[in-house]
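Working notes for the structure below.
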Amino acid sequence: ETEESGLSASVTPKQVRIGDSIRVSGIAEGVGSQNIDISIGGRSATSMSTEPDGRFSTYIIPNRVGTHQVEVESRDRSSTASVQVLPTVAVNSVGVPNNVFEGEDFEVCGDVESQTAPLVLLKKDGQIIDSKNGRGEICFELNEKPGTYSYEIQALNRGASNTASRTVE
């Protein structure tokens, strides 16, 4: 957080998942209500007026992953604070063939959504058997002995995790 004569700003929390809001607040010294502009990562986020005592507080939702500078400007003054925006991750489905014959290759596929390419794990009966990085439709090729198996696809991205599973006989 930086402060330039008469304008201070802070951001809370300092780290969020994309889609979550952050609070930008501070004070612009001067007489009466003042107009302020707030931008994040160089892109305009909102404009507002301070309270008569110069205080302001608003919420914005970052829409890009990464570490960004939140800049508050009023007249010829500015103040900045940084925020780290982390990706989300979701495994929407796991697809496997309904019937697999002995000795036949088959694929276990998952639909993985994230803003950046997560680590995708394939688990069989709770044990990791393969992994790769990616998003979208992620497929793993397998060849199994006859039996009933539970396949799980788990995606991990910067502390976010999501799982979907399917059992095959």
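Given the structure is predicted, the values throughout are model-derived calculations rather than measurements.
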- Kindly compute the distance separating CD (Q34) from CZ (R75), expressed to the nearest 0.5 Å. 4.0 Å
- Query: When rounded to the nearest 0.5 angstrom, what is the spacing between OH in Y149 and OG1 in T167?
  - Reply: 12.5 Å
- Query: Step by step, would you call V24 with I60 a side chain to side chain contact (heavy atoms under 4.5 Å, CB included)?
  - Reply: CA-CA 7 Å; V24 180; I60 59 175; 4.0 Å; yes
- Query: Are I27 and F56 connected, step by step, through hydrophobic side chains (Ile, Leu, Val, Met, Phe, Trp, Tyr) whose heavy atoms are closer than 4.5 Å?
  - Reply: no
- Joint cluster assignment, L86 & L156, ILVMFWY side-chain distance < 4.5 Å: no
- Which heavy atom of Q154 sits nearest a heavy atom of S161, and at what distance? NE2-OG, 2.9 Å
- Message: A side-chain contact here means heavy atoms from C-beta on lying under 4.5 Å apart; do C139 and V108 qualify?
- Response: no
- Message: Tell me whether Q115 contacts the main-chain N or O of T88 through its side chain, where contact means a donor paired with an acceptor under 3.5 Å.
- Response: yes
- Kindly give the heavy-atom pair with the smallest separation between R64 and I18, and that separation in Å. N-CD1, 3.7 Å
- Here the gap from I38 atom CD1 to S47 atom OG, rounded to the nearest 0.5 Å, amounts to 8.0 Å
- Message: Same cluster or not: L119 versus I153, using hydrophobic residues (I, L, V, M, F, W, Y) connected whenever any side-chain heavy atoms lie under 4.5 Å apart?
- Response: no
- Message: Within this structure, what is the OG1-CD1 distance for the pair T46 and I36, rounded to the nearest 0.5 Å?
- Response: 8.5 Å
- Note on the structure: Interatomic distance, CG@D105 vs CD@E141, rounded to 0.5 Å, equals 4.5 Å
- Message: Looking at Q69, is its backbone amide N or carbonyl O close enough to the side chain of S82 to form a donor-acceptor pair, meaning the two atoms are under 3.5 Å apart?
- Response: no
- Query: Is L122 close to I128 at the side-chain level, that is, under 4.5 Å between some pair of heavy atoms?
  - Reply: no
- Item | Shared hydrophobic cluster, I61 / V72 (ILVMFWY, side-chain heavy atoms < 4.5 Å) | no
- Message: Looking at R77 and L7, would you say the former's side chain and the latter's main chain have a donor-acceptor pair under 3.5 Å?
- Response: no
- Task: Work out which heavy atom in V94 is nearest to a heavy atom in R166; give both atom names and the distance.
- Result: O-NH1, 3.6 Å
- Item | N/O donor-acceptor pair under 3.5 Å between R17 side chain and P87 backbone | yes
- Query: At their closest point, which heavy atom of P118 faces which heavy atom of V112, and how far apart are they?
  - Reply: CG-CG1, 3.7 Å
- Item | Shortest non-hydrogen contact between S78 and E73, atoms and distance | CB-CG, 3.9 Å
- D111 side chain to N92 main-chain N or O, any donor-acceptor pair under 3.5 Å? no
- Query: Can you check whether D125's main-chain N or O pairs, donor with acceptor, with S150's side chain at less than 3.5 Å?
  - Reply: no
- Cluster link F140 to V91, ILVMFWY, side chain under 4.5 Å: yes
- Message: Would R23 and S57 count as a side-chain hydrogen bond (donor to acceptor under 3.5 Å, both in side chains) here? Give the steps.
- Response: CA-CA 7 Å; R23 181 174 182 244; S57 179; 2.9 Å; yes
- Considering only heavy atoms from C-beta outward, does the side chain of K132 approach that of I138 to under 4.5 Å? yes
- Examine distances only and state if a side-chain atom of T50 and a backbone atom of S33 form a donor-acceptor pair shorter than 3.5 Å. no
- Message: Using only atom types and a distance under 3.5 Å, with no angle test, would you say the side chain of N157 pairs donor to acceptor with the backbone of V89?
- Response: no
- Side chain of K123, backbone of D130: donor and acceptor closer than 3.5 Å? no
- Between V16 and S21, what is the shortest heavy-atom contact and its length? CG1-O, 4.0 Å
- Query: Does R55 reach the main-chain N or O of A28 with its side chain, forming a donor-acceptor pair under 3.5 Å?
  - Reply: no
- Are S79 and E71 close enough that a side-chain donor and a side-chain acceptor fall under 3.5 Å? no
- Query: Going from CG on L121 to CD on Q127, what distance comes out if it is rounded to the nearest 0.5 angstrom?
  - Reply: 12.0 Å
- Can you list the steps and then say if E144 with K124 is a salt bridge (Lys or Arg N to Asp or Glu O under 4.0 Å)? CA-CA 11 Å; E144 300 285 3; K124 179 177 92 175; 3.0 Å; yes
